[in-house]
Peer 1: 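Questions regarding the structure given below will be posed in turn.
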Amino acid sequence: MNRPLFVTEPSLPPLQALQPYLEQIWSRRWLTNGGPLHQQLEQQLQQWLGVSKLALFANGTLALLTALQQLRIRGEVITTPYSFVATSHALRWNGITPVFVDIDPSTGNLDPGQIESAITPETTAILGVHIYGVPCEVERIQRIADNYNLKVIYDACHAFGVEDEGGSVLRHGDLSVLSFHATKVFNTFEGGAIICPDDRSKNQIDHLKNFGFVDEVTVAAVGINGKMNELQAAIGLLQLEAMPAQIARRAQIAERYRRQLEGIKGLNLLPEPQLARCNHAYMPVLIDGQAALSRDQLYEQLKTHQIFSRRYFYPLISEFPMYRQLPSADPARLPRAMALSRQVLCLPMAASLEDGDQDRVIGAIRQEMGAS
Ligand code: T4K
């Protein structure tokens with residue numbers, strides 16, 4: 001029986017490498033609330049990612065919620081329907097109305113050309129998502145934001161370690177948010193971070209993630225409990241050591257998929273991003289009407305081979321019941337996002353995927369699509 005292959009598989013450090021960290025935690029009895037491992041991980045991530053300041057969080061969703069609080073975003077925010085539902089949920093939890101605009105079909109990212117016509121007097125910010133780790137058109141977005149005095153937040157949950165010609169993609173916008181969930185390129189089981197420009201904003205975010213406490217008797221804001229604990233930080237410190245090798249392995253896998261999936265009728269790939277560093281977080285393929293099987297048929301058939309691909313991101317966020325009444329959620333306004341969500345299938349992609357595993361995925365696709 002073949003081992004099941006999931007859309008992603010978390011990497012783990014060797015178990016024995018954790019022991020010294022556990023001993024430190026146990027002997028200090030300092031378990032959370034900005035402990036020494038937490039501080040160490042913040043320092044190391046800042047350096048590794050090449051960002052000014054980074055505040056760790058218990059998960060990416062809390063980081064998104066807090067980023068919106070930090071910038072005091074209200075009213076309406078222009079965003080993409082083509083993302084994980086947490087992107088819009090973070091707006092809603094802050095009492096903000098998401099305004100969906102269509103995407104650029106070559107990346108899946110929010111199309112800057114759609115933003116201006118969606119701006120109203122209520123608009124306060126743009127929330128872009130670097131989907132699959134491919135950056136949004138950050139300069140165009142910033143120009144629009146500057147013209148209309150809007151904040152820019154990036155949900156960079158897929159974009160760990162991604163670099164454009166100027167450095168980390170996380171430097172763009174007012175704030176960027178990362179996720180370190182088990183399914184991500186860099187994981188701390190659950191975890192996340194806000195990337196911010198300076199000490200002042202980092203201090204404020206640190207207060208916000210700790211109930212608003214500035215000191216024992218001063219509460220400066222209506223904060224939340226968003227803190228990462230010492231165990232998560234220890235996992236992060238170990239994972240970071242393996243990052244260069246893991247991203248390099250992902251690049252090999254992506255390249256092999258691209259080569260070996262070529263020429264299958266009706267199966268298309270998104271263009272390869274031209275970046276200083278990609279992270280190959282996901283391996284989306286698109287199945288169009290010319291293919292031997294529909295996207296959903298292929299998704300089901302792959303399961304019979306013990307291959308569990310995922311339709312990230314289907315349905316669109318704008319199709320979920322709590323959003324579909326919004327005027328901007330009308331599918332007629334989002335034709336490109338609708339089309340992509342009906343075609344996309346994310347194939348297994350993980351640093352731990354062996355050549356033999358990948359051969360199984362490619363072989364099964366070729367067989368099912370009548371291309372073997
Ligand atoms: N913004 C964006 C753009 C995001 O993609 C996400 C999260 C967020 C915000 C929010 O960040 P966090 O609050 O999560 O830090 C998964 C993840 O739960 C979610 O973190 C992620 N995006 C999303 C794209 O994928 P599901 O519901 O698909 O997860 P699940 O449990 O079905 O896992 C997918 C596959 O991964 C499984 O079939 C097997 C494998 N897996 C999963 C887990 C949890 C493992 O092998 N081991 C594991 O421990 O949402």
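Remember, it's 1-based here, ligands and their atoms both numbered in the order they're listed. Quick note: numbers below take in every heavy atom, side chains included, and nothing from hydrogens, waters or symmetry partners.
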Peer 1: How close does the nearest protein non-hydrogen atom get to atom 35 (C) of ligand 1, and which residue and atom is it?
Peer 2: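 Among all protein heavy atoms, the one nearest atom 35 (C) of ligand 1 is Val7 CG1, 3.8 Å.
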
Peer 1: Just which atoms of ligand 1 are under 4.0 Å from any heavy atom in Ala182?
Peer 2: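 Counting from 1, the qualifying ligand atoms are 49 (O).
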
Peer 1: Select the closest option to atom 7 (C) of ligand 1 among His181, His89, Lys184, judged by heavy-atom distance.
Peer 2: Lys184

Peer 1: Are Arg171 and Asp164 within salt-bridge range, i.e. N to O under 4.0 Å?
Peer 2: yes

Peer 1: May I ask you to say whether Glu300 pairs ionically with Lys303, meaning some side-chain N is under 4.0 Å from a carboxylate O?
Peer 2: yes

Peer 1: If I apply the N/O under 3.5 Å rule, does His158 come out as touching ligand 1?
Peer 2: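 So ligand 1 has an N or O lying under 3.5 Å from an N or O of His158.
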
Peer 1: Under a 3.5 Å cutoff, is there a donor and acceptor pairing between the side chains of Gln43 and Gln47?
Peer 2: no

Peer 1: Which residue and non-hydrogen atom of the protein lie closest to atom 33 (O) of ligand 1, and at what distance in Å?
Peer 2: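 Result: Thr183 CG2, 3.9 Å.
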
Peer 1: Looking at atom 8 (C) of ligand 1, what's its closest protein heavy atom, distance included?
Peer 2: Phe84 CD2, 3.7 Å

Peer 1: Against heavy atoms of Ser83, which atoms of ligand 1 measure under 4.0 Å?
Peer 2: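 Those qualifying, in numeric order: 3 (C).
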
Peer 1: Which ligand 1 atoms does Ala86 reach within 4.0 Å, using its non-hydrogen atoms?
Peer 2: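 Near Ala86, the atoms of ligand 1 are 8 (C), 9 (C), 10 (C).
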
Peer 1: Distance only, no hydrogens: is a donor on one side chain within 3.5 Å (strictly under) of an acceptor on the other, for Asp296 and Ser294?
Peer 2: no

Peer 1: Would you say Phe180 and ligand 1 have an N/O pair spaced under 3.5 Å apart?
Peer 2: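 N/O-N/O distance under 3.5 Å: no.
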
Peer 1: Do NZ/NE/NH1/NH2 and the carboxylate oxygens of Asp359 and Arg256 come within less than 4.0 Å?
Peer 2: yes

Peer 1: Taking 4.0 angstrom as the limit, do Asp355 and Arg249 come out as a salt bridge?
Peer 2: yes

Peer 1: Could you list the atoms of ligand 1 found under 4.0 angstrom from a heavy atom of Thr8?
Peer 2: 36 (O), 40 (C), 46 (O)

Peer 1: Between the main-chain N or O of Ala276 and the side-chain N or O of Glu165, is there a donor-acceptor pair closer than 3.5 Å?
Peer 2: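 Such a contact is absent between Glu165 side chain and Ala276 backbone.
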
Peer 1: Could you identify the single nearest non-hydrogen protein atom to atom 38 (O) of ligand 1 and state the distance to 0.1 Å?
Peer 2: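 Here the closest protein heavy atom is Phe6 CD2, 3.5 Å.
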
Peer 1: Between Tyr282 and ligand 1, does any nitrogen or oxygen pair lie at a separation below 3.5 Å?
Peer 2: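 In fact, backbone or side chain, Tyr282 has no N or O that close.
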
Peer 1: Please check if the side chain of Arg311 supplies one atom and the backbone of Arg295 the other of a donor-acceptor pair under 3.5 Å.
Peer 2: no

Peer 1: Regarding ligand 1, does Thr61 bring an N or O atom to under 3.5 Å of one of the ligand's N or O atoms?
Peer 2: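 Yes - when backbone and side-chain N and O of Thr61 are compared with those of ligand 1, one distance drops under 3.5 Å.
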
Peer 1: With a 4.0 Å cut-off on heavy atoms, is Gly192 in contact with ligand 1?
Peer 2: no

Peer 1: Can you tell me the protein heavy atom closest to atom 45 (C) of ligand 1 and the distance?
Peer 2: Pro10 CD, 3.5 Å

Peer 1: Evaluate Glu190 for polar contact with ligand 1, using N/O atom pairs at a separation under 3.5 Å.
Peer 2: no

Peer 1: Ignoring hydrogens, just give me the one of Ser88, Cys157, Gly191 whose non-hydrogen atom is nearest atom 9 (C) of ligand 1.
Peer 2: Cys157

Peer 1: Any salt bridge linking Arg3 with Glu354? Criterion: basic side-chain nitrogen under 4.0 Å from a carboxylate oxygen.
Peer 2: no

Peer 1: Please test His158 against Tyr282 for ring-ring contact (aromatic ring centres under 6.0 Å, His included), starting from the C-alpha separation and ending with a verdict.
Peer 2: CA-CA 8 Å; His158 299 178; Tyr282 293 87; 4.7 Å; yes

Peer 1: Within ligand 1, which atoms have a heavy atom of Tyr312 less than 4.0 Å away?
Peer 2: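 Listed by number with element: 16 (C), 25 (O), 26 (P), 28 (O), 34 (C).
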
Peer 1: Applying the side-chain hydrogen bond (donor to acceptor under 3.5 Å, both in side chains) criterion to Asn94, which one of Arg72, Gln69, His89, Arg74 satisfies it?
Peer 2: Gln69

Peer 1: On a heavy-atom basis, which atom in Ala221 and which in Leu208 lie closest, and how many Å separate them?
Peer 2: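 Result for this residue pair: CB-CD2, 3.8 Å.
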
Peer 1: Pick, from Asp155, Val177, Thr188, Asn59, the option with the minimum heavy-atom distance to atom 1 (N) of ligand 1.
Peer 2: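 When every heavy atom of Asp155, Val177, Thr188, Asn59 is considered, Asp155 comes closest to atom 1 (N) of ligand 1.
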
Peer 1: Is it the case that the side chain of Gln239 and the backbone of Ser11 share a donor-acceptor pair, with hydrogens and angles ignored and the cut-off at 3.5 Å?
Peer 2: yes

Peer 1: For Ser179, counting its heavy atoms only, list the atoms of ligand 1 lying under 4.0 Å from any of them.
Peer 2: 11 (O), 12 (P), 15 (O)

Peer 1: Tell me: protein heavy atom nearest atom 30 (P) of ligand 1, and distance?
Peer 2: Arg310 NH1, 4.0 Å

Peer 1: Using a 4.0 Å heavy-atom cut-off, say whether Thr87 meets ligand 1 through its side chain, its backbone, both or neither.
Peer 2: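 Looking at Thr87 and ligand 1, just side chain atoms fall under 4.0 Å.
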
